[in-house]
Amino acid sequence: MMRSWILPMLFVLCGSLVATGLTLRGSAGEGAAILLAFVLIAGVHSPLMFPRSIGATEAQRRSAADGRPVVFWRSGCKFCLRLRMRLGRDAHRLHWVDIWRDPAGAAAVREVCDGNETVPTVFVAGRPHINPDPGWVREQLCSSE
C-alpha cells in the first residue's frame with residue numbers, strides 16, 4: 001500500500017526543500033508558489049486521482065455481471081494517468097485494480113504480459129488489451145451497456 005505513495009511523497013518533499021530554500025533567501029511568495037505546484041503534481045500522481053480500486057477477483061466478478069472493462073493500473077504510471085484523464089467522468093464506470101495493492105492483480109497482468117507488469121492493461125470480455133487507446137476504451141464502455 002505504501003508503494004503507491006512513494007512518488008507523490010517525493011514530489012512533496014522536493015517541493016518543500018525548494019520552497020524552504022527560496023523562503024530563506026527572501027522569496028516567500030515564490031517559495032509558496034513552487035510548493036503549491038509540487039503538491040498539485042503529487043496529487044495528480046497519487047492514488048487519489050483514480051477511482052477507488054478493488055481486488056482483481058472482485059473486479060472480474062463484477063465485470064462478468066455487468067460487462068464493464070477492468071483496468072489494471074499503478075500510481076506513477078504516465079500511461080495510466082493519460083487513460084484516466086482522457087476517460088474523464090467515464091472512468092468511474094470502469095473497474096479499477098491497483099496492481100501495487102493487489103497481488104492477484106499484479107499476477108493477472110504478469111500472466112498476459114510475458115512476466116512484466118505492463119499497465120494499463122484493460123480486460124474487455126475476458127480479453128487483455130495492453131496500453132489501449134483511451135478512445136477505444138470509451139467505445140468498449142459504451143458497447144457494454
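Hydrogens, waters and symmetry mates play no part in the numbers below; they use all other heavy atoms, side chains included. Throughout, numbering of the chain's residues begins at 1 and tracks the sequence.
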Q: Please tell me if the side chains of Cys80 and Phe72 come closer than 4.5 Å, counting only heavy atoms from C-beta onward.
A: no
(Q) I'd like to check Arg74 versus Glu117 (side-chain heavy atoms, cut-off strictly below 4.5 Å). Are they in contact? (A) no
Enter the distance from [X]:[atom1] to [Y]:[atom2] here, rounded to the nearest 0.5 Å.
X      : Y      : atom1 : atom2 : value
Arg138 : Leu83  : CZ    : CG    : 9.0 Å
Thr20  : Leu35  : OG1   : CG    : 8.0 Å
Asp133 : Glu139 : CG    : CD    : 8.0 Å
Cys14  : Ile34  : SG    : CD1   : 12.0 Å
Leu87  : Phe50  : CG    : CZ    : 10.0 Å
Lys78  : Met85  : NZ    : CE    : 15.5 Å

Quick one: does any side-chain atom of [X] pair with a main-chain N or O of [Y] as donor and acceptor, under 3.5 Å?
X      : Y      : answer
Arg84  : Gly88  : yes
Arg86  : Gly135 : no
Thr118 : Cys113 : no
Arg82  : Cys77  : no
Asp102 : Ala56  : yes
Trp73  : Ser53  : no
Ser63  : Ala59  : no
Thr23  : Ala19  : yes

Taking all atoms of both residues into account, what is the closest heavy-atom pair of [X] and [Y], and its distance?
X      : Y      : result
Ala42  : Pro8   : CB-O, 3.4 Å
Trp100 : Asp98  : N-OD1, 3.0 Å
Pro132 : Val122 : CG-CG2, 3.6 Å

Is [Y] reachable from [X] through a run of I, L, V, M, F, W or Y residues, each pair having side-chain heavy atoms under 4.5 Å apart?
X      : Y      : answer
Val71  : Ile130 : no
Leu7   : Val12  : no
Leu40  : Ile6   : no
Phe123 : Ile99  : yes

Q: Mind running side chain to side chain contact (heavy atoms under 4.5 Å, CB included) on Val70 and Val97 for me, showing each step along the way?
A: CA-CA 7 Å; Val70 177; Val97 178; 3.9 Å; yes
Q: Assess whether side chain to side chain contact (heavy atoms under 4.5 Å, CB included) is satisfied between Glu58 and Gln60, documenting all intermediate values.
A: CA-CA 5 Å; Glu58 178 65 14; Gln60 290 165 344; over 6 Å; no
(Q) For the CE atom on Met9, are there more than 12 heavy atoms of other groups (residues, nucleotides or ligands in this structure) within a distance under 6.0 Å? (A) yes
Q) Do the rings of Phe11 and Phe38 sit parallel, tilted or perpendicular, given the 30° and 60° boundaries? A)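 Ring orientation of Phe11 relative to Phe38: tilted.
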Q: Please lay out, stage by stage, how Val137 and Leu94 fare under the test side chain to side chain contact (heavy atoms under 4.5 Å, CB included).
A: CA-CA 10 Å; Val137 175; Leu94 299 166; 4.1 Å; yes
Q: Give the intermediate values and the outcome of side-chain hydrogen bond (donor to acceptor under 3.5 Å, both in side chains) for residues Trp5 and Ser75.
A: CA-CA 8 Å; Trp5 288 97; Ser75 63; over 6 Å; no
Q.
With side chain to side chain contact (heavy atoms under 4.5 Å, CB included) as the criterion, how do His129 and Val124 come out once you've worked through the C-alpha distance, each side chain's angles and the decisive distance to 0.1 Å?
A. CA-CA 8 Å; His129 303 273; Val124 178; 4.1 Å; yes
